[in-house]
Amino acid sequence: MESTRQWVRLQGTALLAVILAAMVVIVVAGSSSSDNEDDPAPATGVASPVADNLALVPADAGLESLRQLVMDPYADALPEDERIAQQLQWGYEIVTNTPQNAPQYVGGNMSCTNCHLNAGQKDKGLPYIGISAVFPEFNGRNGTMRSLVDRIVDCFERSENAPETPREDSPEVLAVATYITWLSKGQPMGENPEWRGKNRIPAENQIPIEDLDTARGEEMYQQQCASCHGADGEGVQLGEVKPGPLWGEGSWNDGAGAGRVYTLAGFIRYAMPYTAPGSLSDEDAQHIAAFINSHDRPSFKGKENDYPEDGPPIDAVYYPQRYEENPLK
């Protein structure tokens, strides 16, 4: 695998046009042959089911399913072009162990799969499957249209707290994009996969920020989360998998999507705890999310430029444009 990574690094820029063209072919070919910040909001487009050939690890699958895949880049059919096949395999390696495989773009200890569960293949675990078909799309946080590559760069900058911004044509970014696009074969272009937008706390159930109880959240965190994430949020090694740190210098920065309380609560509500996903109530998930986001975390330089149209949303507790200081502290 190391030799593959070295080869792709050397060839990455030269392969840019080939890879981007192949990414489109993968999705379009699958579509024509089929009949069928970290942001959970659905993208613009018509909602449609995931194509028949695109399955998901079930949302209620427990701890025994941590390494389960529905599309295995080392066992399933790959594109005939060996360069693309190697690229998407490396993308999978980056997703599953980001600090090791893209160290220059990781400022902490988070891997992509800490949020995109089962390497982006689990229902209600922010899956990648089918997702490349919806890009480009408008992103309200940036106030611009964003491509899949833009979105990956954004995740490196925010969720991975990258010490340097990746170039859009960097081999690491293209490898992740190629892996995600491979997972999207068969999804109609411009249409949302059916699973998207499900990890949300309904507006009518959202607790006002000033009413969130971080003490209650801490109590529930110790009961429901500490066995995997540690008493201090540091993450506990579970065999070959380690849950990501939830606060502190090793975690996502304050410009990431998980830094928003309702966004994080939606993920917790439907994907956590991994031993019994979906067992928490809307209310409990929000108190836990408030506790997690009451902590300090790295600062994202440039978040003052976010949300240019309407300003930061009410749950963006780390944004000085919205709050003079974090109201949960």
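All heavy atoms count here, side chains included; hydrogens, waters and symmetry mates do not.
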Using a 4.5 Å cut-off on heavy atoms from C-beta on, say whether the side chain of [Y] contacts that of [X].
X      : Y      : result
Leu246 : Trp252 : yes
Pro166 : Gln104 : no
Glu283 : Ile207 : yes
Val134 : Arg196 : yes
Leu88  : Pro79  : yes
Tyr274 : Ser65  : yes
Leu56  : Val70  : no
Phe291 : Met220 : no

Under a 4.5 Å side-chain heavy-atom rule over Ile, Leu, Val, Met, Phe, Trp and Tyr, are [X] and [Y] clustered together?
X      : Y      : answer
Tyr128 : Tyr270 : no
Ile201 : Val317 : no
Phe156 : Phe300 : no
Trp90  : Val106 : no

Where does the angle between the aromatic ring planes of [X] and [Y] fall among parallel (under 30°), tilted (30 to 60°) and perpendicular (over 60°)?
X      : Y      : result
Tyr74  : Tyr92  : perpendicular
Tyr307 : Tyr319 : perpendicular
Tyr179 : Trp182 : tilted

- prompt: Under the side-chain contact (heavy atoms from CB on, under 4.5 Å) criterion, do Asp254 and Ser299 qualify, and how do the steps go?
  reply: CA-CA 5 Å; Asp254 60 9; Ser299 177; 3.8 Å; yes
Other residues, nucleotides, ligands: >12 heavy atoms within 6.0 Å of [X] [atom1]:
X      : atom1 : result
Glu324 : CD    : no
Glu164 : CD    : yes
Glu325 : CD    : no

task: Please determine, by modelled atom types, if Arg297 and Tyr318 share a side-chain donor-acceptor pair under 3.5 angstrom.
output: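 Side chains of Arg297 and Tyr318: pair found under 3.5 Å.
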task: Tell me yes or no: between the side chains of Asp150 and Ser147, is some donor less than 3.5 Å from an acceptor?
output: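 Side chains of Asp150 and Ser147: pair found under 3.5 Å.
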message: Please determine whether side-chain contact (heavy atoms from CB on, under 4.5 Å) holds for the pair Trp195 and Lys124, giving the CA-CA distance in whole Å, both sets of side-chain angles, and the decisive distance to 0.1 Å.
response: CA-CA 7 Å; Trp195 58 259; Lys124 304 291 180 67; over 6 Å; no
Quick check: does any side chain N or O of [X] sit under 3.5 Å from a backbone N or O of [Y], one acting as donor and the other as acceptor?
X      : Y      : value
Ser184 : Gly130 : yes
Arg260 : Asp315 : no
Arg200 : Gly197 : yes
Gln121 : Met71  : yes
Gln224 : Met272 : no
Asp282 : Asn205 : no
Asn142 : Thr144 : no

field: NZ/NE/NH1/NH2 to OD/OE distance under 4.0 Å, Asp284 and Arg216
entry: yes
message: Regarding Asp296 and Lys329, does a basic nitrogen lie under 4.0 Å from an acidic carboxylate oxygen?
response: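 Result for this pair is yes, salt bridge flagged.
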query: Which distance, rounded to the nearest 0.5 Å, do you find between the CG of Leu148 and the CD1 of Ile131?
result: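 Here the rounded value is 9.0 Å.
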- prompt: Which is it for His287 and Leu212 under the side-chain contact (heavy atoms from CB on, under 4.5 Å) test, yes or no, and what are the steps along the way?
  reply: CA-CA 6 Å; His287 292 306; Leu212 290 168; 4.0 Å; yes
- request: Let me know which of Pro245, Ser159, Cys155 forms a side chain to side chain contact (heavy atoms under 4.5 Å, CB included) with Met110.
  value: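 Looking at Pro245, Ser159, Cys155, the match for Met110 under the side chain to side chain contact (heavy atoms under 4.5 Å, CB included) is Pro245.
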message: Ser111 and side chain to side chain contact (heavy atoms under 4.5 Å, CB included): which single residue from Ile94, Thr98, Thr96 fits?
response: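 One option only clears the test, and that one is Thr98.
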task: Please lay out, stage by stage, how Val176 and Cys112 fare under the test side-chain contact (heavy atoms from CB on, under 4.5 Å).
output: CA-CA 10 Å; Val176 174; Cys112 303; 5.6 Å; no
